[in-house]
Amino acid sequence: MIKYCKLCVLPNTKPNVIFEGNICSACKFHSRKKNNTKKGINWKKRKTQFNKLIQKIKSKKAPLFDVCVPVSGGKDSITQVHHLLNKGLRILAINVDYGIKTKIGIYNLNLIPKMGASLKIFTPDFKLQKKIIKISFERYGDPDLMSHCLLHAYPIRVALSLKIPLVLHGENSAYEYSGDTSYDEKFLDRKWFEEYAANKKMTPLKFAQKHNIDHNQIKIFDLPSDKDLKKTNVVFTSYYFKWSGETNLKIAKKYGFKSLKKPGEGTYRNYVGIDEKINRVHQYLKLLKFGYGRATDHACEDIRNKRISRKTGIKLVLNHDRRPISPYIWKDFIKFLGISKKSFFSTLNKYRNKRIWNKKNSTIMRKFI
């Protein structure tokens, strides 16, 4: 039976979720974020820590760049670059183009060089990439299974190869979206990577071994050795600056960030997940497997930030989470992978959790009402 956080609308079916009583750990952590009391986070102090880190990084006098920033071109990655500007840093932003970019996504990504950062777009071997995504979609019900690893690991490997002393990732999902807060809040390490970027049951090494792929071919999907990892600082922006989708959107708009004219598929927001199409398939499968989708993620954040009530959040979830995946998404997806429409929808149905969904697609979410 699905149970929900009594403060937001997060269900206990979410992978890696941690509940303390009837409250998810993301809501618990948020109470620390919003104040500067003894139990809360002192954001002024953390900003000072960030500035000290920047001075330390600059003193290293790296050969080409001082900091590496993984970017999608979304509001969050633009905000990451924003926090580094006007500090005398040489910034290398790295984008991994692992699939089907949208026109608006390309436009927003191209804002980054205009901000004052160098941009490197990495396109992996698409023959191999399509094979990996196809296996991930059909065998594991998640086309982004290995892509998330690539997005986190590749920029770190580039930083090491160019002797860049700092890698600035975005948010720590264990803290922001409910997970195990015994993980280090500041640093990205192997333990966090295997739990939140990868699936600890299916790391890139295990994936390669199981599916007859030379591990050397997908080394870029995996973190370097622990010894090499210590040669650079890999930190989360969300440790130093209060993470907020709305705040990040306001910052990104100052640089020309464009949103959609209407809400995106599966949510009521028009500015999230708009840069490429494969993630929409990932989000829809999340709905089929775990009974919640992107609208739930966004409603939870808005409830915590008191932008909406829990009652309104429930209505938004019921109205948007279960929106069907459109031809705009699936047509490009099946063309990219070279599979049939029948095969695509057969795979979706394969991963529909029958304990959550009945034949009429009515969900246990109705227990909200």
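A side-chain hydrogen bond (donor to acceptor under 3.5 Å, both in side chains) check over residues 161-172, counting only residues at least two apart or in different chains, returns the pairs Glu171-Tyr177, Asn172-Trp192. Residue pairs that meet the side-chain hydrogen bond (donor to acceptor under 3.5 Å, both in side chains) test with at least one member in residues 256-272, sequence neighbours left out, are Glu246-Tyr271, Glu265-Arg280, Glu265-Ser326, Thr267-His298, Tyr268-Asp302, Arg269-Tyr271, Arg269-Glu301, Arg269-Asp302. Sorted by first and then second residue, the ring pair (Phe, Tyr, Trp, His ring centres under 6.0 Å) pairs involving residues 86-125 (not counting sequence neighbours) are Phe122-Tyr154.
Under a hydrophobic-cluster definition in which Ile, Leu, Val, Met, Phe, Trp and Tyr are linked whenever side-chain heavy atoms come within less than 4.5 Å, directly or via other members, Leu285 and Tyr196 are assigned to different clusters. A continuous path of Ile, Leu, Val, Met, Phe, Trp and Tyr side chains, each step under 4.5 Å between heavy atoms, connects Val281 with Ile133, placing both in one hydrophobic cluster. Leu249 and Leu260 fall within a single hydrophobic cluster, where Ile, Leu, Val, Met, Phe, Trp and Tyr are joined by side-chain heavy atoms under 4.5 Å apart, directly or via other members. Hydrophobic clustering of Ile, Leu, Val, Met, Phe, Trp and Tyr side chains at less than 4.5 Å, counting indirect connections, keeps Ile100 apart from Ile121. No continuous path of hydrophobic side-chain contacts links Phe193 to Leu151 [ILVMFWY only; heavy atoms under 4.5 Å].
Salt-bridge formation is not detected for the pair Glu195/Lys201: no Lys NZ or Arg NE/NH1/NH2 atom is positioned less than 4.0 Å from an Asp or Glu carboxylate oxygen. Here Asp226 pairs with Arg190 in a salt bridge; the nearest charged N to carboxylate O distance falls below 4.0 Å. The pair Asp222-Lys219 does not meet the salt-bridge criterion, since no charged nitrogen lies less than 4.0 angstrom from a carboxylate oxygen.
In this view, Asp189 satisfies the salt bridge (charged side-chain N to carboxylate O under 4.0 Å, His left out) rule with no residue, not counting sequence neighbours. Under the salt bridge (charged side-chain N to carboxylate O under 4.0 Å, His left out) criterion, Lys277 pairs with Asp332, not counting sequence neighbours. Remark: Tyr255 engages His82 in a side chain to side chain donor-acceptor pair (under 3.5 Å) (not counting sequence neighbours). Residues passing the side chain to side chain donor-acceptor pair (under 3.5 Å) test with Lys253, sequence neighbours excluded: none. The side chain to side chain donor-acceptor pair (under 3.5 Å) test applied to Ser346 returns no partner, not counting sequence neighbours. Annotation: salt bridge (charged side-chain N to carboxylate O under 4.0 Å, His left out) contacts of Lys286 (sequence neighbours excluded): Asp297. In this view, Ser173 satisfies the side chain to side chain donor-acceptor pair (under 3.5 Å) rule with no residue, not counting sequence neighbours. With sequence neighbours excluded, the residues that form a salt bridge (charged side-chain N to carboxylate O under 4.0 Å, His left out) with Glu138 are Lys134.
For the atom pair CG (Asp66) and CD1 (Ile164), the distance works out to 8.5 Å, reported to the nearest 0.5 Å. Considering CG of Leu288 and CZ of Arg352, their distance stands at 8.0 Å, rounded to 0.5 Å. Note that CG of Asp125 and CD1 of Ile218 are 12.0 Å apart. Values are rounded to the nearest 0.5 Å. Atoms CG and CG, on Leu162 and Leu64 in that order, are 6.0 Å from each other to the nearest 0.5 Å. The CG atom of Leu89 lies 9.0 Å from the CD1 atom of Ile57; values are rounded to the nearest 0.5 Å. From Asn248, atom CG reaches atom CG of Asp76 across 4.5 Å, with rounding to the nearest 0.5 Å.
Contact annotation: the side chain of Phe241 never approaches that of Arg46 to less than 4.5 Å [non-hydrogen atoms, C-beta and beyond]. Residues Thr312 and Ile303 form no side-chain contact, since every pair of their non-hydrogen atoms from C-beta on lies 4.5 Å or further apart. Between Tyr292 and Val317, the closest side-chain pair of non-hydrogen atoms is not below 4.5 Å. Lys341 has its side chain out of reach of Lys331: every pair of non-hydrogen atoms, C-beta onward, lies at least 4.5 Å apart. The closest side-chain heavy-atom distance from Glu185 to Ile41 is below 4.5 Å.
Figure legend: Lys14 and Phe290 shown without cation-pi pairing, the cationic atom not lying both under 6.0 angstrom from the six-membered ring centre and within 45 degrees of its axis.
Looking at every heavy atom in both residues, Ala174 comes nearest to Ser25 through O-OG, 4.5 Å.
Around atom CG of Asn349, more than 12 heavy atoms belonging to other residues, nucleotides or ligands sit under 6.0 Å away. More than 12 heavy atoms of other residues, nucleotides or ligands lie within 6.0 Å of NZ in Lys289, so this atom counts as buried by the packing criterion. No more than 12 heavy-atom neighbours from other residues, nucleotides or ligands sit within 6.0 angstrom of NZ on Lys3.
Ring pair Phe344/Phe137 is parallel by interplanar angle, where below 30° counts as parallel and above 60° as perpendicular.
A distance of 6.0 Å or more separates the ring centres of Tyr175 and Trp243.
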Donor-acceptor contacts, no H, no angles, side chain residues 202-209, under 3.5 Å, sequence neighbours left out:
unit_1: Thr203; atom_1: OG1; unit_2: Lys206; atom_2: N; d: 3.4
unit_1: Lys206; atom_1: NZ; unit_2: Lys200; atom_2: O; d: 3.1

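Formation of a donor-acceptor pair under 3.5 Å by the Tyr284 side chain with backbone atoms of Arg322 is not found in this model.
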